Amino acid sequence: MTQDELKKAAAHKALEFIEDDMIVGVGTGSTVAHFIDGLATIQDKVKATVSSSDDSTAKLKALGFEVWDLNAAGSVDIYIDGADEITEHKQMIKGGGAALTREKIIAAAADKFVCIVDQSKQVGVLGSFPLPVEVIPMARSYVARQIVKLGGDPEWRQGVVTDNGNVILDVHNLSILNPGELETQLNQIVGVVTNGLFAHRGADVVITASKEGVQVS
Ligand code: 5RP
């Protein structure tokens with residue numbers, strides 16, 4: 001199976017978690033794109049969706065879903081999203097698609113977070129994937145200098161503006177042995193909107209597709 005077929009297998013397994021009348025939080029990325037397509041086949045179960053990006057909003061609306069603002073939705077029954085890296089402790093690096101801030105907000109508001117990945121995303125230690133940090137544009141150089149002091153090697157993601165109008169620094173060469181501590185440290189730098197470590201609010205359920213099959217943990 002190709003990596004894309006594995007992403008699709010994980011995404012379709014997540015459909016089993018959708019119950020009648022749910023408000024469904026929808027992440028961003030190629031794995032989630034398969035989930036959105038699958039969700040269209042059980043659309044009658046979905047009361048409304050809450051979206052983590054303009055891209056996912058466009059996909060959802062094209063299929064006829066209602067997309068509610070999180071403030072109007074209040075609570076979110078379930079949040080389905082992918083990850084760039086995930087550990088056995090269900091802690092993640094996210095933000096490869098630059099949607100980390102809205103993803104983190106919906107994850108925080110959701111009763112249950114189901115992460116859908118192919119096996120290549122499973123890692124022992126987070127940090128091989130450069131850690132995305134969303135930054136207010138005028139603070140970019142300042143924040144980069146502070147990240148260097150923490151031992152990281154930040155790189156400005158050129159040409160990318162987030163849905164919130166900010167920029168992304170991708171932080172290389174981190175071996176993240178204490179994800180919760182680093183998540184907090186990065187968020188304390190003035191000018192950081194949020195960072196792509198999902199440690200304090202990890203996933204509740206992880207669906208991993210490999211060529212051996214689909215595993216739910
Ligand atoms: C977007 C994300 C995605 O979940 C992550 O990048 C995984 O993407 P894909 O499913 O395309 O591999 O965090 O900001």
Side-chain angles (χ1 to χ4, degrees), residues 1-15 17 24-39 49-60 70 76 78-87 90-110 112-123 126-135 155 157 159-172 174 176 179 183 186 192-210 214:
M1 281 173 102
T2 65
Q3 187 183 22
D4 192 57
E5 286 167 339
L6 294 176
K7 289 181 179 193
K8 187 174 180 178
H12 282 198
K13 184 74 179 172
L15 298 173
F17 287 80
V24 180
V26 178
T28 298
S30 54
T31 315
V32 165
H34 288 301
F35 173 73
I36 293 172
D37 289 341
L39 197 63
T49 61
V50 175
S51 171
S52 63
S53 63
D54 294 348
D55 185 53
S56 290
T57 298
K59 288 186 169 80
L60 288 161
L70 180 61
V76 173
I78 194 164
Y79 179 55
I80 312 287
D81 200 358
D84 298 301
E85 287 185 344
I86 187 161
T87 69
K90 301 185 174 66
Q91 296 178 315
M92 292 154 278
I93 285 181
K94 292 183 45 52
L100 60 158
T101 298
R102 295 187 188 187
E103 291 174 343
K104 201 177 261 198
I105 292 167
I106 303 176
K112 184 181 278 188
F113 180 176
V114 177
C115 182
I116 48 178
V117 290
D118 68 87
Q119 200 181 25
S120 71
K121 308 291 184 66
Q122 293 276 359
V123 296
L126 298 171
S128 294
F129 189 92
L131 175 64
V133 179
E134 180 165 353
V135 177
E155 180 187 17
R157 200 183 297 181
V160 171
V161 177
T162 71
D163 291 347
N164 312 306
N166 299 313
V167 298
I168 298 283
L169 294 174
D170 290 309
V171 187
H172 298 256
L174 290 171
I176 305 171
E183 183 178 7
L186 287 168
V192 168
V193 178
T194 196
N195 69 83
L197 276 170
F198 284 55
H200 294 298
R201 204 295 183 236
D204 300 304
V205 176
V206 182
I207 300 176
T208 307
S210 69
V214 179

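As the structure is a prediction and not an experimental result, all values here were calculated from the model. Reckoned from all heavy atoms, side chains included, excluding hydrogens, waters and symmetry mates. We count ligands from 1, going down the list as the structure has it; atoms in each ligand are counted the same way.
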*asked:* So Ile93 and Ser128, do their side chains get closer than 4.5 Å, heavy atoms only?
replied: no

_Counting neighbours of NZ on Lys90 that are heavy atoms of other residues, nucleotides or ligands and sit closer than 6.0 Å, is the number greater than 12?_
yes

Quick one: side chains of residues 24-32, donor-acceptor pairs under 3.5 Å with protein atoms, not counting sequence neighbours, listed by atom name and distance.
from  : atom 1 : to    : atom 2 : distance (Å)
Thr28 : OG1    : Ser52 : OG     : 2.7
Thr28 : OG1    : Ser53 : OG     : 2.8
Ser30 : OG     : Lys7  : NZ     : 2.9

*Are Asn164 and Arg102 close enough that some pair of their side-chain heavy atoms sits under 4.5 Å apart?*
yes

*Only counting residues at least two apart or in another chain, list the ones meeting side-chain hydrogen bond (donor to acceptor under 3.5 Å, both in side chains) with Asp170.*
Arg157

_For ligand 1, the residues whose heavy atoms come within less than 4.0 Å (ordered by chain, then number)_ = Lys7, Thr28, Gly29, Ser30, Thr31, Asp81, Gly82, Ala83, Asp84, Lys94, Gly95, Gly96, Gly97, Ala98, Ala99, Glu103, Lys121

*Please identify each residue that fulfils side chain to side chain contact (heavy atoms under 4.5 Å, CB included) with Val214, with sequence neighbours left out.*
Ala9, Lys13, Ile207, Ala209

